[in-house]
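Heads up, the thing below is written out as structure tokens.
By convention in this document, chain letters (A, B, ...) are assigned in the order of the sequence lines, proteins followed by strands, and residues within each chain are numbered from 1. In this text, all values refer to a predicted model and were calculated from it rather than measured experimentally.
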Amino acid sequence: MIPLQIIREQPQWVIERLAIKNFDAHDIIHQILQFDQQRKSIQFESDEKSAEYKKLTQEIGSLFKSGQANKANAQKEEVSRKKEEIRILQEKHDDILQKLNELLVKLPNIPDERVPPGKGSADNEIVFTEGDIPHLPEDALCHWDLATKYDIISFELGSKVTGAGFPFYKGKGAKLQRSLISFFLDEATKAGYIEYEPPLMVNEDSAFATGQLPDKEGQMYYVALDNLYLIPTAEVPLTNVYREEILKYSDFPVKLCAYSSCFRREAGSYGKDVRGLNRLHQFDKVEIVQLSLPEQSFRILDEMTEHVAHLLRQLKLPFRQVRLCGGDMSFTSALTYDFEVFSAAQQKWLEVSSVSNFTEFQANRMKLRFKDETGKTRLAHTLNGSALALPRIMAALLENNQTLEGIRIPEVLIPYTGFDLIP
RNA sequence: GGAGAGGUGGCAGAGUGGUCGAAUGCGGCGGUCUCGAAAACCGUUGUCCGUCGUAAGAUGGACCGGGGGUUCGAAUCCCCCCCUCUCCGCCA
């Protein structure tokens with residue numbers, strides 16, 4: 001949620017910035033300003049009446065105390081009238097406030113100056129590409145075929161037991177998966193992130209705070225009986241750890257990480273892109289989250305992308321860093337870098353990480369604040385990144401490392417797997 | 001799931017209808033004292049939204065788990081929900 005203050009002070013600027021996200025905010029902003037004015041004047045009126053009302057009730061109190069019950073009773077009628085007036089004003093006020101909030105919630109975060117304009121992924125900017133693209137023989141297999149050949153992942157079993165998009169990992173495939181998780185968590189911990197094991201379901205407030213609700217309601221699995229949502233990413237529970245908190249200046253930076261399964265309905269995704277591990281309903285991910293001082297958040301964003309790049313280097317996967325354009329970035333983000341690895345058999349770049357600075361957008365929703373040096377309460381900034389999402393890493397590892405003898409395991413993972421080859 | 005107890009300021013903890021945003025203690029911050037520190041003493045110490053003000057600040061309103069109700073008046077009484085604790089049941 002964009003702080004109302006910003007909209008009041010520079011509405012035109014907000015409209016211009018949001019245009020980068022292909023969002024026409026003109027009407028909404030004007031309505032917001034109108035409602036804001038109305039709300040304030042109603043509050044002024046209501047506050048004045050409340051003050052009078054309070055005084056009257058206190059007078060009645062002291063009249064009763066001094067035994068002047070008759071006088072007191074005589075005043076009751078006027079108090080009731082006042083009370084009714086206040087009630088009506090309150091109702092109006094709350095009604096406008098609700099409308100105002102409904103509009104505010106519709107506005108996406110303001111994109112940073114570096115965000116390029118554009119409609120979709122074709123307009124993203126490649127920041128750099130790194131690593132050698134392996135040259136596979138003609139008969140190289142895609143990961144879904146390798147999965148079957150080496151009996152390490154079963155999509156059929158997943159379909160039978162649950163449904164499409166819920167694969168089983170098996171034997172060395174399962175071990176490799178677990179090794180990647182451990183490796184990623186160890187790297188995050190080394191980098192100073194505190195490890196959490198979060199709940200896999202969250203309540204409505206949490207889902208709202210990070211921006212999943214009301215916007216992406218249909219993307220989450222919902223447990224109706226208990227009114228809980230399965231998390232689409234550990235970002236949700238992790239960032240919500242600090243919901244409604246006021247941090248001290250010295251608490252920063254706050255760094256958290258977590259491994260979790262992630263659940264996404266992916267309604268509306270079909271076709272080639274969803275083949276194999278490319279797009280799943282349930283997948284594993286290690287997530288890093290930071291809370292930062294506003295002045296430092298973009299520097300921290302760089303620190304986080306560097307962390308991700310370092311992971312990919314260690315896994316010896318060819319990758320590129322991409323700066324998302326306005327049309328491709330998320331509702332909540334101010335600046336996002338994606339990382340894509342090259343999956344050599346599919347001949348495709350696959351997104352394995354998305355690192356974003358949400359500036360004060362999430363913090364505003366969740367009232368995550370801090371006291372600055374002068375003692376003033378301000379909104380913190382929140383950031384997060386995948387470090388990393390497992391399935392596509394797995395896909396690229398299988399495809400890129402296939403040899404006649406089997407799948408080679410990257411060196412950094414061998415201490416975790418205990419084997420260097422899936423034969 | 002059943003029975004009971006309870007949710008008050010950063011923490012502990014008083015407050016059971018009126019002047020309570022809320023005693024007191026601890027902690028935090030500022031000061032006195034000190035070579036310095038501790039102790040002692042003094043002062044200060046919540047959040048949100050208005051109004052006035054460039055600002056510092058002044059001032060009004062709201063908030064005692066959340067929502068609703070009773071009453072001229074509610075932290076205090078009633079109802080619903082959420083959460084915590086104790087006991088019983090069930091169980092990885």
Problem - Non-hydrogen atoms of Ile20(A) and Pro116(A) that approach each other most closely - result: CG2-O, 4.2 Å
Completion exercise
When both distances are under 3.5 Å in a Watson-Crick or G-U wobble arrangement, the nucleotide paired with U19(B) is none
Completion exercise
Across every strand shown, the nucleotide meeting Watson-Crick or G-U wobble geometry with C41(B) (both distances under 3.5 Å) is G31(B)
Practice task
Would you kindly give the CG-to-C1' distance between Leu63(A) and U19(B), to the nearest whole Å?
Solution key: 13 Å
Problem - Toward the 5' end of RNA chain B, by each residue's nearest nucleotide, Leu4(A) or Gly61(A) - result: Gly61(A)
Handout entry: Spacing of the C1' atoms in G9(B) and A23(B) (rounded, Å)
Key = 12 Å
Practice task
Fit a plane to each ring of Phe339(A) and Phe319(A), take the angle between them on a 0 to 90° scale, and name the class: parallel (under 30°), tilted (30 to 60°) or perpendicular (over 60°).
Solution key: tilted
Exercise for the section: Provide the distance between the two C1' atoms, one in A37(B) and one in C11(B), to the nearest whole Å. Expected result: 26 Å
Problem - Check: Val352(A) and Leu317(A) side chains under 4.5 Å, non-hydrogen atoms - result: no
Completion exercise
Minimal heavy-atom distance between Ala258(A) and Tyr196(A), with the atoms involved, is CB-O, 3.3 Å
Practice task
Looking at every strand, decide which applies to Arg81(A) at a 4.0 Å heavy-atom threshold: base, sugar-phosphate, or nothing.
Solution key: nothing
Handout entry: U76(B) and U71(B), which share atom name P, separated by this distance in whole Å
Key = 16 Å
Problem - For atom CD of Glu204(A) and atom P of C82(B), their distance in whole Å - result: 14 Å
Practice task
Tell me what Lys371(A) touches on the nucleic acid: a base, only sugar-phosphate, or nothing, going by heavy atoms under 4.0 Å.
Solution key: sugar-phosphate
Problem - Carboxylate-amine/guanidinium contact Glu303(A) Lys255(A), below 4.0 Å - result: yes
Problem - Selection from G50(B), C72(B), C48(B) that lies nearest to any side-chain heavy atom of Val79(A) - result: C72(B)
Problem - Heavy-atom pair of closest approach, residues Pro167(A) and Gln282(A) - result: CD-O, 4.4 Å
Problem - Distance, P atom - from U86(B) to A12(B), rounded to whole angstrom - result: 16 Å
Handout entry: Rounded distance in Å between the P positions of A3(B) and G15(B)
Key = 29 Å
Problem - OG1 on Thr305(A) to CZ on Arg323(A), rounded to 0.5 Å - result: 10.0 Å
Practice task
Identify which nucleotide among U71(B), U47(B), G50(B) has an atom closest to any side-chain atom of Arg8(A), counting heavy atoms from C-beta outward.
Solution key: G50(B)
Exercise for the section: Mind listing the closest non-hydrogen atom pair of Ser297(A) and Leu383(A) along with its distance? Expected result: O-CD2, 3.3 Å
Identify all side-chain donor-acceptor contacts of residues 48-56 of chain A below 3.5 Å with residues at least two apart in sequence or on another chain.
| from | atom 1 | to | atom 2 | distance (Å) |
| --- | --- | --- | --- | --- |
| Ser50(A) | OG | Ser46(A) | O | 2.9 |
| Glu52(A) | OE1 | Lys82(A) | NZ | 3.0 |

Problem - RNA chain B: 5'-proximal contact among Tyr53(A) and Gly375(A) (nearest heavy atom) - result: Gly375(A)
Problem - C1' atoms of G66(B) and C72(B), separation to the nearest Å - result: 27 Å
Handout entry: Lys76(A) NZ - G18(B) P separation (whole Å)
Key = 15 Å
Problem - Protein-nucleotide distance (Asn101(A), atom CG; C49(B), atom P), rounded to Å - result: 11 Å
Handout entry: Complementary nucleotide for G46(B) - Watson-Crick or wobble, under 3.5 Å
Key = C63(B)
Handout entry: Whole-Å P distance, U16(B) and A40(B)
Key = 32 Å
Completion exercise
note: Lys49(A), atom NZ; G50(B), atom C1'; distance rounded to Å ~ 15 Å
Practice task
Take atom NZ of Lys83(A) and atom P of U71(B), then tell me their distance rounded to the nearest Å.
Solution key: 7 Å
Fill in the blank from the handout: Closest non-hydrogen contact found for Phe283(A) with Pro391(A) is CB-CG, 3.3 Å
Fill in the blank from the handout: Heavy-atom nearest pair, Leu324(A) first then Val115(A), reads O-CG1, 3.8 Å
Fill in the blank from the handout: In whole angstroms, the gap separating P of U59(B) from NZ of Lys55(A) amounts to 14 Å
Handout entry: Interface residues of residues 238-246 of chain A with RNA chain B (non-hydrogen, below 4.0 angstrom)
Key = Ile246(A)
Exercise for the section: Report the distance from atom CG of Asp251(A) to atom C1' of G28(B), rounded to the nearest whole Å. Expected result: 14 Å
Fill in the blank from the handout: Across every strand shown, the nucleotide meeting Watson-Crick or G-U wobble geometry with A5(B) (both distances under 3.5 Å) is U84(B)
Handout entry: Watson-Crick or G-U counterpart of G57(B), or none if no pair lies under 3.5 Å
Key = C52(B)
Problem - Any Thr377(A) side-chain N or O less than 4.0 Å from OP1/OP2 of U47(B) - result: yes
Problem - Pair Asp186(A) + Lys190(A): basic N to acidic O under 4.0 Å - result: no
Practice task
In whole angstrom, give me the gap between the C1' atoms of U47(B) and G21(B).
Solution key: 11 Å
Distances for protein N/O vs nucleotides 60-66 of chain B N/O pairs under 3.5 angstrom?
| from | atom 1 | to | atom 2 | distance (Å) |
| --- | --- | --- | --- | --- |
| G60(B) | N2 | Gln43(A) | NE2 | 3.3 |
| G60(B) | N2 | Asp47(A) | OD2 | 2.8 |
| G61(B) | O2' | Asp47(A) | OD1 | 3.1 |
| A62(B) | OP2 | Lys54(A) | NZ | 3.1 |

Problem - Residue matched to A12(B) through Watson-Crick or wobble contacts both under 3.5 angstrom - result: U24(B)
Handout entry: Below 4.0 Å: OP1/OP2 of G50(B) and any side-chain N or O of Arg39(A)
Key = yes
